[in-house]
A.B. asks: 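What follows is a structure written as structure tokens; I'll ask about it next.
Atom set for the values below is all heavy atoms of this structure, side chains included, hydrogens, waters and symmetry mates excluded.
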Amino acid sequence: MYNIKSQIFKELSKTQKSMLCNTLRALVKSNQNADSEQLYDDFADDERYYLEINNPHFEFLREYLDDDEFRKEAILYLKECKKYYEYKKSQEPIIQAQKAYEKKKRDFLKEVKMSHENPTKKQLYYYERLCKKYKIEKKELKSKLEARDEIDRIIKDHEKENLYGI
């Protein structure tokens, strides 16, 4: 898509070209199932309408809308945009798998870090209160990870007891 962008609309300024390309790309994104030529025809019709009512989006297109070369370049760009979005859609499962892998990796690294840090005062206090409440013998907690896991275990065990009336 970016290679094509440098080859088309050479008569337009950089800003004009950017505005036009962004609009065409947005048109493709919102109508991915439509044919490129139909998209261009709809775009050209809309722009002609806005030119007629003296409220154009792109004043500079007045002289280009009926030009066959401009039409060819616009349709070529629309086709490239369609290819780009189809490729992006085909890559979605890979991207999602990559995100899931990165999330697992972050969680693992977080746990490794927690296993090397001393438990916080809040964790120790909460653990002591749980042990006292449920009359459990306290153990020495060596890390944040161990404290978190032990607190979770106590809560889950006693939720089951409360749930089943044991």
Side-chain angles (χ1 to χ4, degrees), residues 1-9 12-43 46-47 50 55 57-58 74-166:
M1 180 166 70
Y2 299 105
N3 191 23
I4 296 292
K5 201 172 180 181
S6 64
Q7 299 170 6
I8 58 174
F9 308 131
L12 301 178
S13 73
K14 191 175 182 180
T15 306
Q16 292 171 337
K17 185 176 179 178
S18 176
M19 288 171 32
L20 179 60
C21 287
N22 286 339
T23 302
L24 292 175
R25 190 172 62 245
L27 192 63
V28 170
K29 188 174 184 179
S30 63
N31 301 302
Q32 290 183 17
N33 296 330
D35 180 46
S36 298
E37 291 186 19
Q38 183 61 41
L39 282 176
Y40 175 77
D41 291 340
D42 292 345
F43 170 75
D46 285 348
E47 289 308 311
Y50 287 116
N55 189 14
H57 294 129
F58 306 106
I75 291 173
L76 179 65
Y77 185 70
L78 289 169
K79 286 179 181 177
E80 284 299 311
C81 289
K82 283 180 80 78
K83 286 180 191 175
Y84 170 78
Y85 285 117
E86 287 169 3
Y87 174 76
K88 197 171 180 183
K89 191 175 184 178
S90 72
Q91 295 297 308
E92 190 64 31
I94 296 168
I95 292 169
Q96 292 302 323
Q98 217 171 9
K99 284 181 181 179
Y101 170 75
E102 290 297 324
K103 186 173 191 261
K104 283 182 183 178
K105 188 169 125 182
R106 282 192 307 273
D107 290 343
F108 173 75
L109 291 174
K110 183 178 168 185
E111 286 190 359
V112 167
K113 183 180 177 186
M114 285 175 68
S115 70
H116 296 300
E117 295 176 339
N118 293 330
T120 64
K121 288 180 183 179
K122 283 184 179 181
Q123 282 179 314
L124 293 172
Y125 176 75
Y126 190 56
Y127 176 68
E128 287 176 22
R129 299 293 290 177
L130 285 173
C131 288
K132 191 182 280 186
K133 179 179 179 181
Y134 296 116
K135 298 176 181 85
I136 300 172
E137 188 177 323
K138 288 191 276 183
K139 336 186 233 187
E140 184 182 339
L141 303 174
K142 296 178 178 91
S143 68
K144 282 183 179 181
L145 181 65
E146 187 180 359
R148 182 197 70 187
D149 292 343
E150 191 62 26
I151 290 169
D152 286 346
R153 184 190 62 77
I154 293 170
I155 291 172
K156 284 180 184 172
D157 288 349
H158 288 83
E159 277 181 353
K160 287 179 188 174
E161 288 177 11
N162 291 337
L163 184 65
Y164 298 119
I166 297 174

A.B. asks: Considering residues, nucleotides and ligands other than Gln91, do more than 12 of their heavy atoms fall under 6.0 Å from its CD?
C.D. replies: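 Buried by this count: over 12 neighbours within 6.0 Å.
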A.B. asks: Ignoring hydrogens and angles, tell me if any N or O in the side chain of Lys29 forms a donor-acceptor pair with the backbone of Cys81 under 3.5 Å.
C.D. replies: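 Pair absent, no side-chain N/O of Lys29 close to backbone of Cys81.
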A.B. asks: Any side-chain to backbone donor/acceptor pair from Lys82 onto Asp35? Under 3.5 Å, distance only.
C.D. replies: no
A.B. asks: Under 3.5 Å, is there a donor-acceptor pair between the side chain of Ser18 and the main chain of Thr15?
C.D. replies: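 Here the side-chain-to-backbone pair does not exist.
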A.B. asks: Out of curiosity, Lys103 NZ to Arg106 CZ, how far, rounded to the nearest 0.5 Å?
C.D. replies: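 Spacing of NZ (Lys103) from CZ (Arg106) equals 7.5 Å.
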A.B. asks: side-chain contact (heavy atoms from CB on, under 4.5 Å) for Leu130 and Ile136? Distances and angles first, verdict last.
C.D. replies: CA-CA 8 Å; Leu130 285 173; Ile136 300 172; over 6 Å; no
A.B. asks: Take Ile154 and Tyr127 through the test side-chain contact (heavy atoms from CB on, under 4.5 Å) and record every step on the way to the result.
C.D. replies: CA-CA 9 Å; Ile154 293 170; Tyr127 176 68; 3.6 Å; yes
A.B. asks: Could you tell me whether Phe58 atom CZ has more than 12 heavy atoms of other residues or ligands within 6.0 Å of it?
C.D. replies: yes
A.B. asks: Supply the atom-to-atom distance Gln123 CD to Met114 CE, rounded to the nearest 0.5 angstrom.
C.D. replies: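 Result: 6.0 Å between the selected atoms.
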A.B. asks: Which atom pair, heavy atoms only, marks the closest approach of Glu146 to Glu140?
C.D. replies: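 The pair with the smallest heavy-atom distance is OE2-O, 3.7 Å.
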A.B. asks: State the CD-CG distance between Glu150 and Leu141, to the nearest 0.5 angstrom.
C.D. replies: 6.5 Å
A.B. asks: Between Leu20 and Tyr77, is the side-chain contact (heavy atoms from CB on, under 4.5 Å) condition met? List the steps.
C.D. replies: CA-CA 10 Å; Leu20 179 60; Tyr77 185 70; over 6 Å; no
A.B. asks: Any idea which heavy atoms bring Arg148 and Leu145 closest together, and the distance?
C.D. replies: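 Heavy atoms of Arg148 and Leu145 come nearest at NH2-CD1, 3.1 Å.
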A.B. asks: Taking atom CZ of Phe9 and atom CE of Met19, what is their separation to the nearest 0.5 Å?
C.D. replies: 12.5 Å
A.B. asks: Apply side-chain contact (heavy atoms from CB on, under 4.5 Å) to Glu92 and Gln96, showing your working.
C.D. replies: CA-CA 6 Å; Glu92 190 64 31; Gln96 292 302 323; 2.7 Å; yes
A.B. asks: With under 30° as parallel and over 60° as perpendicular, where do the rings of Tyr134 and His158 fit, or are they tilted in between?
C.D. replies: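 Correct class here is parallel.
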A.B. asks: How far apart are the closest heavy atoms of Ala147 and Pro119, and which atoms are they?
C.D. replies: CB-CB, 4.0 Å
A.B. asks: Would you call Lys99 and Glu102 a salt bridge, using N to O less than 4.0 angstrom?
C.D. replies: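 No, this pair does not count.
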A.B. asks: Surrounding OH of Tyr126 (heavy atoms of other residues, nucleotides or ligands, distance under 6.0 Å), is the total greater than 12?
C.D. replies: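 No, OH of Tyr126 has 12 or fewer neighbouring heavy atoms, counting only those of other groups under 6.0 Å.
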A.B. asks: Can you see which heavy atom on Leu27 is nearest to which on Leu39, and at what distance?
C.D. replies: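 Nearest pair, atom of Leu27 first, then Leu39: CD2-O, 3.7 Å.
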A.B. asks: Please assess Lys156 against Glu159 for the test salt bridge (Lys or Arg N to Asp or Glu O under 4.0 Å), listing each intermediate value before the final yes or no.
C.D. replies: CA-CA 5 Å; Lys156 284 180 184 172; Glu159 277 181 353; over 6 Å; no
A.B. asks: Determine, for Asp149 against Arg153, whether the closest basic-nitrogen to carboxylate-oxygen distance falls under 4.0 angstrom.
C.D. replies: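 Salt bridge flag = no for Arg153 with Asp149.
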A.B. asks: I need the minimum non-hydrogen distance between Asn118 and Lys144, along with the two atoms involved.
C.D. replies: O-CG, 3.3 Å
A.B. asks: Rounded to the nearest 0.5 Å, how far does CZ of Arg25 lie from NZ of Lys5?
C.D. replies: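 Going from NZ on Lys5 over to CZ on Arg25, the span is 5.5 Å.
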A.B. asks: Could you grab the distance from atom OH of Tyr85 to atom NZ of Lys88, nearest 0.5 Å is fine?
C.D. replies: 6.0 Å
A.B. asks: For the pair Ser30 (side chain) and Ala26 (backbone), establish whether a donor and an acceptor sit closer than 3.5 Å, ignoring hydrogens and angles.
C.D. replies: yes
A.B. asks: Taking all non-hydrogen atoms of both residues, which atom of Gln16 and which atom of Ser13 are closest, and how far apart?
C.D. replies: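 Residues Gln16 and Ser13, closest heavy atoms: OE1-N, 3.0 Å.
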